[in-house]
Visitor: 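Starting off with a structure, shown below.
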Amino acid sequence: MIEWKNLDSEDQLQSIIEESYNSPQIIFKHSTRCMISRMAKRGLESDWSIDLKPYYLDLITYRSVSNAIAESLEVVHQSPQLLLLSNGKSIYHPSHEQIKFEELTKTLDSL
C-alpha cells in the first residue's frame with residue numbers, strides 16, 4: 001500500500017525538486033474527475049513495493065501546482081501523469097495507460 005504525501009504548493013514542489021538531487025522523488029498527478037486516472041492510481045497502489053513514498057497531486061484542486069510542474073520540469077501537462085525526478089529533472093513521465101509500476105522500477109534500477 002502506498003503512503004501518499006500530499007503535494008499542495010509551489011514551494012513544496014521546489015523542495016521536492018531540490019530533494020531529487022539527494023534521492024529520487026516521485027509525483028503522481030491525479031484528476032479526481034477522470035476514470036483513467038483512477039485506474040492508474042489503483043494500479044500503482046496494488047503493485048507498489050518500493051520504499052519511496054510518492055507525492056500525490058490533486059490537480060483539480062491544485063492546478064497552479066500542476067502548471068508549475070510543467071514549467072519547472074519542462075514536461076507537457078498530462079493527466080494522469082507519473083513523474084520520476086532525479087538531479088532536478090523529470091527523467092521519466094508517462095501518462096494515461098503508459099503508467100506502469102514495472103517500468104517505474106526499471107527506470108529506478110537504472111539510476
Side-chain angles (χ1 to χ4, degrees):
M1 184 72 172
I2 296 178
E3 293 182 43
W4 295 108
K5 296 184 278 187
N6 288 324
L7 170 54
D8 55 19
S9 74
E10 292 179 43
D11 288 341
Q12 185 182 18
L13 171 61
Q14 292 308 312
S15 294
I16 294 166
I17 293 170
E18 289 301 317
E19 186 58 32
S20 77
Y21 286 95
N22 299 319
S23 63
Q25 301 294 307
I26 298 170
I27 298 172
F28 178 66
K29 292 172 42 182
H30 177 60
S31 170
T32 56
R33 298 180 186 156
C34 174
M35 179 58 87
I36 293 172
S37 195
R38 274 187 287 241
M39 289 172 42
K41 183 176 179 276
R42 271 190 238 135
L44 288 172
E45 289 174 335
S46 67
D47 293 339
W48 203 261
S49 59
I50 55 178
D51 288 335
L52 295 174
K53 294 179 183 174
Y55 288 89
Y56 169 90
L57 174 65
D58 174 345
L59 64 89
I60 302 296
T61 303
Y62 300 104
R63 183 57 192 236
S64 65
V65 178
S66 181
N67 293 340
I69 288 172
E71 184 178 321
S72 298
L73 298 172
E74 299 178 348
V75 296
V76 175
H77 164 77
Q78 297 286 326
S79 168
Q81 189 171 38
L82 183 68
L83 298 107
L84 174 60
L85 283 60
S86 181
N87 295 317
K89 298 178 182 169
S90 176
I91 61 167
Y92 176 71
H93 44 266
S95 65
H96 297 84
E97 291 87 2
Q98 286 78 40
I99 297 172
K100 305 237 184 279
F101 180 74
E102 69 181 36
E103 294 301 318
L104 172 65
T105 57
K106 285 179 190 176
T107 305
L108 281 166
D109 289 344
S110 70
L111 294 178

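No experiment lies behind these values; they were computed from the predicted model shown. The figures that follow rest on heavy atoms only: side chains count, while hydrogens, waters and symmetry mates do not.
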Visitor: When you group the ILVMFWY residues by side-chain heavy-atom contacts below 4.5 Å and let the links chain together, are Ile50 and Leu44 in the same group?
Guide: yes

Visitor: Would you say Leu83 and Tyr92 make side-chain contact, with heavy atoms under 4.5 Å?
Guide: no

Visitor: Are there more than 12 heavy atoms of other residues, nucleotides or ligands under 6.0 Å from atom CD of Glu71?
Guide: no

Visitor: Mind running side chain to side chain contact (heavy atoms under 4.5 Å, CB included) on Tyr56 and Lys5 for me, showing each step along the way?
Guide: CA-CA 6 Å; Tyr56 169 90; Lys5 296 184 278 187; over 6 Å; no

Visitor: With a sphere of 6.0 Å drawn around NZ of Lys89, does it hold more than 12 non-hydrogen atoms of other residues, nucleotides or ligands?
Guide: no

Visitor: For Glu103, enumerate each residue passing the salt bridge (charged side-chain N to carboxylate O under 4.0 Å, His left out) test, keeping only those at least two apart in sequence or located in another chain.
Guide: Lys106

Visitor: Rounded to the nearest 0.5 Å, what separation is found between the CD1 atom of Ile69 and the CZ atom of Arg63?
Guide: 10.5 Å

Visitor: Can you tell me how far OG1 of Thr107 sits from CD of Glu102, rounded to the nearest 0.5 angstrom?
Guide: 10.5 Å

Visitor: Within the 4.5 Å heavy-atom criterion, are Asn87 and Ser20 side-chain neighbours or not?
Guide: no

Visitor: Quick one, Val65 with Leu7, criterion side chain to side chain contact (heavy atoms under 4.5 Å, CB included). Give me CA distance, side-chain angles, the key distance, then yes/no.
Guide: CA-CA 8 Å; Val65 178; Leu7 170 54; 4.0 Å; yes

Visitor: Donor-acceptor check, side chain of Asp58 to backbone of Ile60, threshold 3.5 angstrom: yes or no?
Guide: yes

Visitor: Look at the side-chain heavy atoms of Ile, Leu, Val, Met, Phe, Trp and Tyr, link any pair under 4.5 Å apart, and say whether Ile16 and Tyr21 land in one connected group.
Guide: no

Visitor: Could you walk me through whether Ser37 and Phe28 pass the side chain to side chain contact (heavy atoms under 4.5 Å, CB included) test, one step at a time?
Guide: CA-CA 10 Å; Ser37 195; Phe28 178 66; 4.3 Å; yes

Visitor: Output the distance between atom NE2 (His30) and atom OG1 (Thr61), rounded to the nearest 0.5 Å.
Guide: 10.0 Å

Visitor: Checking Ser66 against Lys29 for the side chain to side chain donor-acceptor pair (under 3.5 Å) test, could you report, in this order, the C-alpha distance in whole Å, the side-chain angles of both residues, the deciding distance, and whether it holds?
Guide: CA-CA 8 Å; Ser66 181; Lys29 292 172 42 182; 3.3 Å; yes

Visitor: Please evaluate residues Leu82 and His93 with respect to the criterion side chain to side chain contact (heavy atoms under 4.5 Å, CB included), reporting the C-alpha separation (whole Å), side-chain torsions for both, the decisive distance (0.1 Å), and the verdict.
Guide: CA-CA 5 Å; Leu82 183 68; His93 44 266; over 6 Å; no

Visitor: Would a hydrophobic clustering, with Ile, Leu, Val, Met, Phe, Trp and Tyr connected at side-chain separations under 4.5 Å, put Ile26 with Ile91?
Guide: yes

Visitor: What's the spacing between Leu84 CG and Ser90 OG if we round to 0.5 Å?
Guide: 7.0 Å

Visitor: In terms of hydrophobic clusters joined by side-chain contacts under 4.5 Å, are Leu57 and Ile17 together?
Guide: yes

Visitor: For Phe101 and Trp48, I'd like to know if the aromatic rings sit close, meaning centre-to-centre distance below 6.0 Å.
Guide: yes

Visitor: How long is the span from the CD atom in Gln78 to the CD1 atom in Ile36, to the nearest 0.5 Å?
Guide: 11.0 Å

Visitor: Residues in side-chain contact (heavy atoms from CB on, under 4.5 Å) with Ser23, at least two apart?
Guide: Glu19, Gln25

